[in-house]
Number of protein chains: 2
Amino acid sequence: MGISRTPLIRGTLTPLILKALSREPRHGYAIAAWIQERTESVLQVEEGVLYPALHKLEEAGLLGAHWGQNETGRRAKFYALTDQGRARLREEVAQWKRGSAAVDAVLDTAEG
Amino acid sequence: MGISRTPLIRGTLTPLILKALSREPRHGYAIAAWIQERTESVLQVEEGVLYPALHKLEEAGLLGAHWGQNETGRRAKFYALTDQGRARLREEVAQWKRGSAAVDAVLDTAEG
DNA sequence: TAGTCTTACCTATGAACCATAGGTATACCC
DNA sequence: GGGTATACCTATGGTTCATAGGTAAGACTA
């Protein structure tokens, strides 16, 4: 199947995670699955990357967390955006748009 | 003046530099100026970032370098793409397009 | 029922990359 | 002669992700 993976662009993991939680709370494993699905497996967030990132975002006050269970009754840690997290998401998206547009402006330059 | 600077997206400096040299050789200072101009000062490559990167790319065989002089007769080190560098540029651009499109696919998701 | 797979969590270590803060030297302009 | 712009350089540090582990419980299967 899709071995079409691309390394994460540095700095994008935070907005990706925040975005994954913008609609509803999700547990870590589901966040990774959602990102993978959305990108048709181009982006795959390894667990060794994901969990430390979640802990950091929680510690920074961007996420709240509580233990619950998934649909099949299994224990899982659910994360939800705080107001701060939601504000941060807006900033991160804006910065990404600005930054990536600038990179495109260079790379799309016609060459001789 | 444009204090509208955005931090470099990690991993993009290499393609930016290679692209700056894809039309003609340039010296370091001019590479930074060209990127800044192309992005209307959104991207500003600090010298402490630029020069080590150039040395590394040269060492990796992606760039060739020689001392010369600029239009005003001043000494400057000119860098030019090697064949390997040109090939690498293509790869880097392709990877950027893939990666940034994937990030967009996530961040542009409609939220509830 | 033993073994394997999937879900779901976690930590530790290292490499790569950029930001910052310095520093040198020459030319030009006032 | 002093300041500004050009043009090069190094050293140090923080952030971020990749990799490689490890735990545990439920589910499926031989």
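Per chain, numbering begins at 1; letters A, B, ... match sequence-line order. From a predicted model like this one, the values you see are computed outputs, not experimental measurements.
Between the CH2 atom of B:W67 and the P atom of C:dA25 there is a distance of 13 Å, rounded to whole Å. One atom, CD of B:E47, and another, P of C:dC18, lie 16 Å apart when rounded to the nearest Å. Taking atom NZ of residue A:K77 and atom P of nucleotide D:dT23, one finds them 19 Å apart after rounding to whole Å. The distance from atom CG of A:L13 to atom P of D:dA18 is 8 Å, rounded to the nearest whole Å. Rounded to an integer number of Å, the gap from B:I9 CD1 to D:dT16 C1' is 14 Å. For the pair A:W34 CH2 and C:dT7 C1', the computed distance is 20 Å after rounding to whole Å. Between B:R10 atom CZ and D:dG14 atom P the separation is 13 Å, expressed in whole Å. Per the geometry, CH2 belonging to A:W96 stands 15 Å off C1' belonging to D:dT16, to the nearest Å.
Distances shorter than 4.0 Å separate none of the side-chain N or O atoms of A:H55 from OP1 or OP2 on C:dC9. Considering only side-chain N and O atoms, B:Y51 lies nowhere under 4.0 angstrom from the phosphate OP1 or OP2 of D:dC9. The side chain of B:H27 places no N or O atom within less than 4.0 Å of a non-bridging phosphate oxygen (OP1 or OP2) of D:dT6.
Considering only side-chain atoms of B:L8, the nucleotide from C:dC9, C:dC18, D:dC8 that sits closest is C:dC18. Of the candidates D:dT16, D:dT10, C:dC10, the closest approach to any side-chain atom of A:K56 belongs to D:dT16. Listed candidates were C:dT20, D:dA18, D:dT10. Nearest to the side chain of A:V49 is D:dA18. In this structure, of C:dC18, C:dC9, D:dT10, it is C:dC9 that holds the atom nearest to the side chain of A:Y29.
Nucleic acid contact for A:G11: sugar-phosphate only, since backbone atoms but no base atoms lie under 4.0 Å from a heavy atom of the residue. As judged by a 4.0 angstrom heavy-atom cut-off over every strand, B:G28 is placed among residues touching the sugar-phosphate backbone only. Backbone-only contact: A:P7 has heavy atoms under 4.0 Å from sugar-phosphate atoms and none from a base. Among the heavy atoms of the strands, none lies under 4.0 Å from B:T14.
When the options B:V103, B:I9, B:V106 are evaluated for a side chain to side chain contact (heavy atoms under 4.5 Å, CB included) with A:T12, the one that passes is B:V103.
Taking 4.0 Å as the cut-off between side-chain N and carboxylate O, B:K19 and A:D108 do not count as a salt-bridged pair.
For the pair B:L18 and B:G85, the tightest heavy-atom approach, listed with the atom from each and the gap, is CD1-O, 3.9 Å.
B:F78 and B:I17 fall into different hydrophobic clusters, defined by Ile, Leu, Val, Met, Phe, Trp and Tyr side-chain heavy atoms under 4.5 Å apart, directly or through other members.
In terms of polar N and O atoms assigned as donor or acceptor, the side chain of A:R74 comes within less than 3.5 Å of the base of C:dT7 in a complementary pairing.
With A:S41 contributing its side chain and A:E37 its backbone, the two residues share no donor-acceptor pair below 3.5 Å.
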